[in-house]
Amino acid sequence: MKWHKKLYLGESIKQERWVRFQISFGKKMKGYYCIALSDYNDNLLDIYESRFLRTGNIQTDNVYIVGVASDKTEAFEVVRSIIEDVYLHTGGFDVRGYLGITV
């Protein structure tokens with residue numbers, strides 16, 4: 001898992017470093033949703049439940065997390081916020097370019 005240096009956070013997330021630790025090391029297996037860059041060209045972002053990232057069902061080496069939320073509704077709001085920022089600042093939908101991610 002790779003983390004963006006400036007995460008987009010849901011309103012209920014108060015301690016970013018603690019949340020990163022919990023997700024990275026599987027200390028809290030439910031309750032967080034991670035917004036990640038999509039590996040598919042047709043998608044901009046993917047939403048993963050944090051416990052899914054620790055099950056081995058997904059290759060986490062390729063997951064680049066750009067946002068975190070505490071529930072699914074909040075995750076949709078974070079995605080909306082990211083896409084809105086990208087569109088307002090660039091006039092397009094190049095999330096990777098806007099965030100400065102070259103991976």
Side-chain angles (χ1 to χ4, degrees):
M1 249 181 293
K2 298 172 189 138
W3 295 85
H4 187 57
K5 60 186 171 209
K6 175 147 181 358
L7 286 179
Y8 281 83
L9 300 174
E11 291 181 10
S12 64
I13 305 291
K14 302 298 181 202
Q15 297 177 338
E16 177 184 338
R17 293 181 74 205
W18 178 239
V19 170
R20 281 186 192 212
F21 174 81
Q22 288 179 317
I23 294 170
S24 294
F25 296 102
K27 298 298 181 187
K28 185 176 182 185
M29 294 308 285
K30 63 179 182 174
Y32 294 120
Y33 286 79
C34 299
I35 295 92
L37 296 174
S38 181
D39 287 338
Y40 302 103
N41 292 334
D42 294 341
N43 299 343
L44 296 175
L45 300 166
D46 293 328
I47 299 173
Y48 297 107
E49 197 171 346
S50 61
R51 67 180 169 177
F52 181 70
L53 295 173
R54 306 304 308 165
T55 60
N57 292 334
I58 185 171
Q59 182 69 358
T60 58
D61 295 343
N62 299 331
V63 175
Y64 197 102
I65 299 173
V66 296
V68 177
S70 63
D71 60 35
K72 191 182 284 189
T73 303
E74 193 172 78
F76 288 127
E77 283 297 315
V78 172
V79 167
R80 183 202 52 78
S81 176
I82 293 169
I83 293 173
E84 186 177 84
D85 281 353
V86 171
Y87 186 75
L88 288 175
H89 290 96
T90 67
F93 297 103
D94 182 16
V95 176
R96 289 177 187 269
Y98 175 73
L99 297 175
I101 301 167
T102 59
V103 176

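All values reported here derive from a predicted model rather than from experimental measurement.
- Note that CD of Glu74 and OG of Ser81 are 11.0 Å apart. Values are rounded to the nearest 0.5 Å.
- Heavy atoms only, all atoms of each residue included: Lys5 and Arg20 are closest at O-NH2, 3.7 Å.
- Contact of the Ile35 side chain with the Tyr8 side chain is not registered, since no non-hydrogen atoms from C-beta on lie closer than 4.5 Å.
- Aromatic pair Tyr48/Tyr33: ring centres not closer than 6.0 Å.
- Taking the side chain as every heavy atom from C-beta outward, Met1 and Ile65 approach each other to under 4.5 Å.
- Separation of atoms OH (Tyr98) and CG (Leu88) is listed at 8.5 Å; rounding is to 0.5 Å.
- Within 6.0 Å of CD on Gln15 lie no more than 12 heavy atoms contributed by other residues, nucleotides or ligands.
- In this structure, CZ in Arg96 is found 9.5 Å from OH in Tyr64, a value given to the nearest 0.5 Å.
- The nearest pair of heavy atoms linking Gly67 to Leu7 is N-CD2, 3.8 Å.
- Looking only at side-chain heavy atoms (C-beta outward), Leu45 and Ser38 stay at 4.5 Å or farther from each other.
- The side-chain heavy atoms of Ser70 and Ile13, taken from C-beta on, include a pair separated by under 4.5 Å.
- How far CG of Asn62 is from NZ of Lys2: 6.5 Å, rounded to the nearest 0.5 Å.
- A 4.5 Å side-chain heavy-atom check between Ile82 and Leu44 finds every atom pair outside the cut-off.
- One finds the SG atom of Cys34 at 11.5 Å from the CG atom of Asp46 (value rounded to the nearest 0.5 Å).
- Applying the salt bridge (charged side-chain N to carboxylate O under 4.0 Å, His left out) criterion to Arg17, with sequence neighbours excluded, gives no partner residue.
- The aromatic rings of Tyr87 and Phe93 lie parallel to each other, with less than 30° between the two planes, well short of the 60° mark.
- With contacts defined as side-chain heavy-atom distances shorter than 4.5 Å, the pair Phe76/Val79 does not qualify.
- Counting heavy atoms from C-beta outward, Ile23 and Trp3 have side chains that approach closer than 4.5 Å.
- Looking at Lys72, its side chain never comes within 3.5 Å of a backbone N or O of Ala69 through a donor-acceptor pair.
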- Task: May I have the step-by-step check of side-chain contact (heavy atoms from CB on, under 4.5 Å) for Val66 and Ile101, ending in yes or no?
- Result: CA-CA 10 Å; Val66 296; Ile101 301 167; 4.1 Å; yes
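- Side-chain contact between Thr90 and Asp94: absent, with no pair of heavy atoms (C-beta onward) separated by less than 4.5 Å.
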